[in-house]
Peer 1: 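Could you have a look at this structure, given as structure tokens, before my questions?
Naming convention: chains lettered A, B, ... in sequence-line order (proteins, then strands); numbering from 1 in each chain.
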2 protein chains.
Amino acid sequence: MQFAKIQGKRWLLRFDRGQRIHVRDTKGTAWRIVSGSVRLDREEPNGEHSFANLAIRGDVIGAETLLFGKYGFTATALTACVLESWPEGHDSPVSDSLLRTLAKAERRAAEVIALRCGQAADRVRRLVMILAHSAVEQPTHAAAELQVTLPSRQDMADITALTLETVSRMVSQLRHAGVLAPLHHGRRLSQSNFAVRQTLGDTP
Amino acid sequence: MQFAKIQGKRWLLRFDRGQRIHVRDTKGTAWRIVSGSVRLDREEPNGEHSFANLAIRGDVIGAETLLFGKYGFTATALTACVLESWPEGHDSPVSDSLLRTLAKAERRAAEVIALRCGQAADRVRRLVMILAHSAVEQPTHAAAELQVTLPSRQDMADITALTLETVSRMVSQLRHAGVLAPLHHGRRLSQSNFAVRQTLGDTP
DNA sequence: CGATTCCTTGAGCAACCTCAAAAGCGGTGG
DNA sequence: CCACCGCTTTTGAGGTTGCTCAAGGAATCG
């Protein structure tokens, strides 16, 4: 279920984990991600739909609607997330904002492409890192503990091009290695949706 | 070596296979790819540089220079290619061209991401398909034979997240399966740089 | 308390990687 | 023309990582 809020002059939409945000070939507007993370899927030639891209805080999704009037991808919330409509009209030159969006999209694409090579453990660790960076407001360059909501194992598998089982094993391994905090049984948190990261600055 | 031609009012640059087009963090302008294919690389945290994206005919590379004044990626020619400067000044609304470029970049990213999952044989086949589509001028929707210059095995390996050896094996396999033409010994073509595709329309 | 869904863990196997050697191609120079 | 060199590609044999299949645990909801 999605709650629409008007705060100041911005439309804010909230989505829960796993919820569909928009569907390919339907009409709608573009959104900027205020918090949380989103997966984009495309339709394969064979009709299946498969992971196409990842979007996190600051990224714009659905920009193609400004050109074609329809979404080019299906978007689903990987974690609870908040979106605001884009572009914000008040911004001065549209081309500047667009250019910034383009540059960001290319960097994100490079990151996601990189997520799909190397050892399984490393891939999952890198994905967690990206999500962790997206969770923190300002880059506090100190080693800080912060809570990150992980996507479902299936979603993580789709992103890293691994299987659900391998991702699960690697998450366990990261926990054992101290990168992720052990499960909080006492506090009744969802079994594995919450994780605590410890060393944010560097990737050894 | 790069030849600059002025044809009409367009600057056309030509690059050979394997040649560096531009280097990350250096100054320069953006380019649209007129023909051929290009790989973009980014610098890893550890200093290595690794495959970040693929660009083919119609794609724009180096758009971020319009914003930051420097290239965000290093670009190298996968095959002989021709570039023209971008944006072409005469185009009416900049934002329209930019939007089109953004949409294209997102579709390309999705394609490259998809190139990195599934069986090795399929990945290589899909890469060849993409390069073949980029080689043909108009989408002739009939089954047509056309010549495609393949990138080096190492480049294909970097793109598909396989090893050089596996790519070589899969290319041999595709030849045996009739997707790629057998080597032309008679015509003195380079051993494996040229390939002929046969069924362009569909991907069974 | 079922029923459902998601996650975890195990065992065996196959696809792909690693290491290694040989062959093809292009260039240079005798 | 042939020999030689450097580079890329091809092909082979064996090892490992991650996949497949399967069963069991944990949380949520009625």
Peer 1: Can you tell me how far C1' of C:dA15 sits from CG of B:L162, to the nearest Å?
Peer 2: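 Interatomic distance, CG of B:L162 to C1' of C:dA15: 11 Å.
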Peer 1: Between B:M156 (CE) and D:dT8 (P), how many Å, whole number?
Peer 2: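 My rounded result for the distance is 16 Å.
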Peer 1: Please check the phosphate of D:dT8 (OP1 and OP2 only) for any side-chain N or O of B:S152 closer than 4.0 Å.
Peer 2: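 Answer no for this pair, as no side-chain N or O of B:S152 is under 4.0 Å from OP1 or OP2.
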Peer 1: Cut-off 3.5 Å, no hydrogens considered: what does the side-chain donor-acceptor table look like for residues 66-75 of chain A, sequence neighbours left out?
Peer 2:
unit_1	atom_1	unit_2	atom_2	d
A:Y71	OH	A:T29	N	3.0
A:Y71	OH	A:T29	O	2.5
A:T74	OG1	A:R24	N	3.0

Peer 1: In this structure, how many angstroms lie between the P atom of D:dT28 and the CG atom of A:D16, rounded?
Peer 2: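 After rounding, the gap between these two atoms is 15 Å.
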Peer 1: Take the protein atom CD of A:Q154 and the nucleotide atom P of C:dT8, then report the distance between them rounded to whole Å.
Peer 2: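 Those two atoms, CD and P, are 13 Å apart.
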Peer 1: Tabulate below the donor-acceptor pairs under 3.5 Å that side-chain atoms of residues 107-120 of chain B make, not counting sequence neighbours, or state none.
Peer 2:
unit_1	atom_1	unit_2	atom_2	d
B:R108	NE	B:D59	OD2	2.6
B:R108	NH1	B:E111	OE1	2.5
B:R108	NH2	B:D59	OD1	3.2
B:R108	NH2	B:D59	OD2	3.4
B:R116	NE	B:I159	O	3.0
B:R116	NH1	A:I113	O	2.9
B:R116	NH2	B:D158	O	2.7

Peer 1: Choosing from C:dC7, C:dC17, D:dT9, which nucleotide comes nearest the side chain of B:R153?
Peer 2: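 My answer, after comparing the listed nucleotides, is D:dT9.
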Peer 1: Hey, which of these two, A:E165 or A:Q119, hits DNA chain D nearer its 5' end, going by closest nucleotide?
Peer 2: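 Looking at DNA chain D, the more 5' nearest nucleotide goes with A:Q119.
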Peer 1: Taking B:R123 for the side chain and B:T160 for the main chain, is one N or O donor matched with an acceptor at less than 3.5 Å?
Peer 2: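 Looks like yes, one N/O pair under 3.5 Å.
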Peer 1: Say whether, by atom type as modelled, one donor and one acceptor occur between the side chain of A:T166 and the main chain of A:L162 under 3.5 angstrom.
Peer 2: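 No; zero donor-acceptor contacts below 3.5 Å.
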Peer 1: Side-chain N or O of B:T166 less than 4.0 angstrom from OP1 or OP2 on C:dA15?
Peer 2: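 No.
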Peer 1: Think A:S168 has a side-chain N or O under 4.0 angstrom from the OP1 or OP2 of C:dT9?
Peer 2: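 Looking at the OP1 and OP2 atoms of C:dT9, neither is under 4.0 Å from any side-chain N or O of A:S168.
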Peer 1: From CG of B:D155 over to C1' of D:dC7, roughly how many Å is that when rounded to an integer?
Peer 2: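 Computing the B:D155:CG to D:dC7:C1' distance gives 14 Å.
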Peer 1: Can you tell me the distance, in whole Å, between the CG atom of B:D158 and the C1' atom of C:dC17?
Peer 2: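 Distance, rounded to whole Å: 15 Å.
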Peer 1: For a 4.5 angstrom cut-off between non-hydrogen side-chain atoms, does B:L40 reach B:I61?
Peer 2: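 Yes, side chains in contact.
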Peer 1: Let me know the distance between CZ of A:R123 and C1' of D:dC19, rounded to the nearest Å.
Peer 2: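 After rounding, the reported distance stands at 12 Å.
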Peer 1: Reckon A:R175 has a side-chain N or O less than 4.0 Å from the OP1 or OP2 of C:dT8?
Peer 2: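 Result: yes.
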Peer 1: Measure from CG on A:L164 to C1' on D:dG18 and round the result to the nearest Å.
Peer 2: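 Atom CG in A:L164 sits about 13 Å away from atom C1' in D:dG18.
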Peer 1: Between B:R169 and D:dT10, is there a side-chain N or O to OP1/OP2 distance below 4.0 Å?
Peer 2: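 So the side-chain polar atoms of B:R169 never come under 4.0 Å of the phosphate oxygens OP1 or OP2 of D:dT10.
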